[in-house]
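Structure record follows, encoded as structure tokens.
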Number of protein chains: 2
Amino acid sequence: MRRMTARPANTHQARLLRLLRDGGPRSRAELGDRVDLSRSKLAVEVDRLLETGLVVADGLAASRGGRRSHNIRLAPRLRFLGVDIGATSIDVAVTNPELEILGHLNQPMDVREGPVAVFDQVLAMVGKLRETGVAEAFDGAGIGVPGPVRFPEGVPVAPPIMPGWDGFPVREALSQELGCPVMVDNDVNLMAMGEMQAGVARSVQDFFCVKIGTGIGCGIVAGGEVHRGTTGSAGDVGHIQVEPDGRQCACGNRGCLEAYFGGAALARDAEEAAGEGRSAELARRLAAEGRLTAADVAVAASAGDGTSLDLIRDGGSRVGQVIAGLVSFFNPGLVVIGGGVTGLGHTLLASIRTQVYRQSLPLATGNLPIVLGELGQVAGVTGAARLTSDHLFSPA
Amino acid sequence: MRRMTARPANTHQARLLRLLRDGGPRSRAELGDRVDLSRSKLAVEVDRLLETGLVVADGLAASRGGRRSHNIRLAPRLRFLGVDIGATSIDVAVTNPELEILGHLNQPMDVREGPVAVFDQVLAMVGKLRETGVAEAFDGAGIGVPGPVRFPEGVPVAPPIMPGWDGFPVREALSQELGCPVMVDNDVNLMAMGEMQAGVARSVQDFFCVKIGTGIGCGIVAGGEVHRGTTGSAGDVGHIQVEPDGRQCACGNRGCLEAYFGGAALARDAEEAAGEGRSAELARRLAAEGRLTAADVAVAASAGDGTSLDLIRDGGSRVGQVIAGLVSFFNPGLVVIGGGVTGLGHTLLASIRTQVYRQSLPLATGNLPIVLGELGQVAGVTGAARLTSDHLFSPA
DNA sequence: CGGCTTTGTCCTCGTACTGGAAAAAGTCGC
DNA sequence: GCGACTTTTTCCAGTACGAGGACAAAGCCG
């Protein structure tokens, strides 16, 4: 089961591996065009990579006018595992070396059931994926948790919504079970990396990624690198105050953004609206299911329910208010909105945009796209795989 | 006048130069302890630096138990010029190669008089400093302007408080006049670099620096590097909204932080309080001088004037509210408060702290110092010199 | 089938770096 | 003051590495 994947011996090899990951198979000649190495040097490094088995030759490339070149690709047997533990569900996916998803499972699960139960579930899902034949063992795994993480150690710290996880040795435990290196990060950081790898943020150096799920978090990328902050809690925007002396929030403060919007707040507001008879649509759904979720509001809104639309617009406006401030502060080149409530789609996006463009200065917003994430549910697992491969494809 | 200062030929040399800058003169042996180079290699690189004249031998070092080593120091003739153009005043300083200030001038001047007038003033001040004999020519100059800057080109862009400066080729013009390389940056970024070089932020990797002068800005340092944003307007926190539908701000929006606090707002509030008879102290000062400034409020407050204290506390609370949000977002290891109004001192600091510690989550604030800048008026010019030397001490 | 282009390999040359040895310059104890 | 020990510096040879040219191999095109 345990499999020691080779690591590149130097930065040149690391560079080549990442090129092959992000650009797919290439000929040696094309590689030569991209890196600043002499032909001999390039040949040597490629040969060494072939020896370690990290890359393989893969037939002949199309001719560029002369002799045909041999194609080089990352060893197709490489497999990365991405795990995304959300507040209320778990995503697990397996990728090929190019970080394309070969198999993906999603299962509802409350993170509050604690690390042991969640791990059992994750391992069961991994087993299921293995059975489908997409992977036997893994060369690396990345896992995202919905709270702050001490990144170098791979351990969650003081997670507000994850009782029992504080200090749990996630990296250590998962590494034991899987027999491969494991990286642990905050789920929003992984979402940002995912969108940077394969989504809307390709080749953007400075952006942030607001994830609106049960709670609200934000992955920050500065200069192409994820910014995690001093204690790993950067991006915790859900508890920024939007209303002095406002609603009580679970964190103990008042007026936090999360007290007004996010999956939990939205569900509660919807139930209240249904109870007060402000929306026949929501009331019917409440009666049918016993409770309401953000998804119900989304469906009701697309069916034209005014109250639901108002809820989304109000929430988007609150989020937009916070984002506007952060845009002034950070001056990103892109803002990505993602997470579970993207089902609310363009209504939400429109009200966020309105608020941001109204409140921030022209220089910062003039050319600032605010868009929905492209990857949806697989953003997190893609980012997890990316994080892992970045680690594996760097000199030991 | 023009003087072509040599540049290091490789990263090793650059590394050595920065070590000598930040740690002062050292022996070759001590340098060897810090860098990971063989003795022979080190000797070669030091010799080359000696040849170029960037460093000089400087007597014998104290013995460490055996043969005494020759000291090496940066060429003492090196001079850096730092210029800090504020909204209402200009600072100019000359530093030695270790970035210690040899001469410093400050002169009131309204930046709105335009780039030509300001440049005349700056050059006159530089001339005066030259006359004192601290420098003949300069090896590099850094200049800070109170608005966003397109950093690579060294050109201000769309500066709200600096009409006439948009697109003015600051780098080009100053470089012509001084005959040396010039770097241009936002004044708050320079303040952050200054505190990182010689102030409270030494060896802090992630922090930000809130400058409360006429307006309010914020220098951001992530991973030891200044974050300037996509269009160079990062840190523009003065126009973050603190009060929906609040006071009209000069920028056209409502409820901006700057509409409530900062030198300009504070002066206006003080005059209003004096006019309405809410403070005898302020009224007396208004009568004596015809107008009030933030400094008057500071003096009145330290004399025990309740209204002035209230003004400061209210303002600090507003600033704290914004900082609290940014702390949650960015999770810095330190927050520095600086700028003209630091005369308000600990009253201001206390109310900022109260607000931040109350509003942000424990993980982010648990070990978060919020302190006044150490360098006061010379933070900007020190940062300017640092920026310049960083550029000069990097491979060409 | 013969020129032309591209690709891959081989080989040599110059250079940069390492690590040991020894010389130079001190310190310290007796 | 002298010898043993340290530290610094220089010198030197051995080595590894990379650049770049030459040439062979492979393929396109007329």
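Computed from a prediction, not measured in an experiment: that's the story for all the values here. So you know, we letter chains A, B, ... as the sequences are listed, proteins then strands, and number each from 1. Computed from heavy atoms alone, side chains included, the values below leave out hydrogens, waters and symmetry copies.
Contact of A/Arg67 with C/dT6 (side chain to base): no donor-acceptor pair of N or O atoms is detected under 3.5 Å. One cannot find a donor-acceptor pair under 3.5 Å joining the base of D/dA26 and the side-chain atoms of A/Arg68.
Residue A/Arg28 is classed as a sugar-phosphate contact, given heavy-atom separations below 4.0 Å to backbone atoms only. Residue contacts shown for A/Ser40 include a base, since a base heavy atom lies under 4.0 Å away.
The pair A/Glu51-A/Arg48 fails the salt-bridge criterion, with no side-chain N (NZ, NE, NH1 or NH2) lying under 4.0 Å from an Asp/Glu carboxylate O. Between B/Arg28 and B/Asp47, at least one side-chain nitrogen of the basic residue sits less than 4.0 Å from a carboxylate oxygen of the acidic one, meeting the salt-bridge criterion. Remark: A/Glu374 engages A/Arg202 in a salt bridge, criterion side-chain N to carboxylate O under 4.0 Å. Ion pair A/Asp390/A/Arg21 flagged as a salt bridge, since at least one NZ, NE, NH1 or NH2 atom sits closer than 4.0 Å to an Asp/Glu carboxylate oxygen.
Separating the CG atom of B/Leu42 from the C1' atom of C/dG19 is a distance of 15 Å, rounded to the nearest angstrom. Note: CG (B/Leu31) to P (D/dT7) measures 18 Å, nearest angstrom. Atoms CD (B/Gln13) and P (C/dA16) sit 12 Å apart, rounded to a whole Å. Across the protein-nucleic acid pair, A/Lys41 atom NZ and C/dC10 atom P stand 17 Å apart, rounded to whole Å. In this structure, the CG atom of B/Leu37 is 14 Å from the P atom of C/dA16, given to the nearest Å. The CD atom of A/Glu30 sits 14 Å away from the P atom of C/dT6 (whole-angstrom rounding). The nearest whole Å value for the distance from the NE2 atom in B/His70 to the C1' atom in C/dA25 is 9 Å.
Taking for each of A/Leu60 and A/Glu45 the nucleotide of DNA chain D with the nearest heavy atom, the 5'-most of the two is the partner of A/Glu45. Each of A/Arg39 and A/His12 was assigned the nucleotide of DNA chain D with the nearest heavy atom; the assignment lying further toward the 5' end belongs to A/His12.
Although no hydrogens or angles enter the test, the distance criterion places a donor-acceptor pair under 3.5 Å between the side chain of A/Asn71 and the main chain of A/Ser27.
Between A/Ser69 and C/dG8 there is a side-chain polar atom (N or O) within less than 4.0 angstrom of OP1 or OP2.
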